[in-house]
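In what follows, a single structure is set out as structure tokens and then discussed.
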Amino acid sequence: MLSDMKNNSRIQVIDEKIKALKATLITLGLLRPGSLSRQYHVCRKPGCRCQDPNKPRRHGPYYHFDYVHQGKKTTRFIRAGQLSEVRRQLLAFKQLRRLVDQWITLSLEKAERLRQATANPNL
Ligand SMILES: [Zn+2]
């Protein structure tokens with residue numbers, strides 16, 4: 001009986017946690033998988049500063065964003081003015097994955113607790 005109460009109160013806690021996860025999920029907004037990287041380029045213009053033998057100053061930085069979605073790899077160049085929004089979207093995607101993982105963990109625990117309670121009603 002005591003164990004049964006303990007199980008029920010844990011299930012209540014799990015339900016509350018799942019409810020909070022769902023509330024956070026709907027706040028995420030736009031999201032992007034993948035990663036952002038910075039590049040500097042060397043051009044082909046003769047005598048350009050990027051080819052200076054002593055102190056080459058390459059062009060850039062240029063930012064590009066790579067991701068794989070549904071098996072397809074894509075690269076997009078990102079303008080400096082879009083960087084902070086893209087970074088926010090990348091973080092939102094990571095947060096989505098983390099929240100979904102937590103949701104799965106909690107769901108598995110709840111399902112197992114319900115299964116045990118049904119299999120052994122005297123617990
Ligand atoms: Zn150059």
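Start at 1 with the first residue, then count along the sequence. None of these values were measured; they are calculated from a predicted model. Remember, it's 1-based here, ligands and their atoms both numbered in the order they're listed.
- Atoms of the protein (N, O or S only) found under 2.8 Å from the Zn ion (ligand 1) are C43 SG, C48 SG, C50 SG, H59 NE2.
- Environment of CZ in R49: crowded, with over 12 heavy atoms of neighbouring residues, nucleotides or ligands closer than 6.0 Å.
- More than 12 heavy atoms of other residues, nucleotides or ligands shown are found within 6.0 angstrom of NE2 on H41.
- Nearest heavy-atom pair, K17 versus R10, reported as atom, atom and distance to 0.1 Å: NZ-NH1, 4.2 Å.
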Original post:
Does the side chain to side chain contact (heavy atoms under 4.5 Å, CB included) test come out yes or no for W103 and L25, once each step is laid out?
Top reply: CA-CA 11 Å; W103 191 352; L25 280 170; 3.6 Å; yes

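- Neither side chain, D66 nor S35, offers a donor N or O lying under 3.5 Å from an acceptor on the other.
- Qualifying side-chain hydrogen bond (donor to acceptor under 3.5 Å, both in side chains) partners for E85, counting only residues two or more places apart in sequence or in other chains: R88, Q89.
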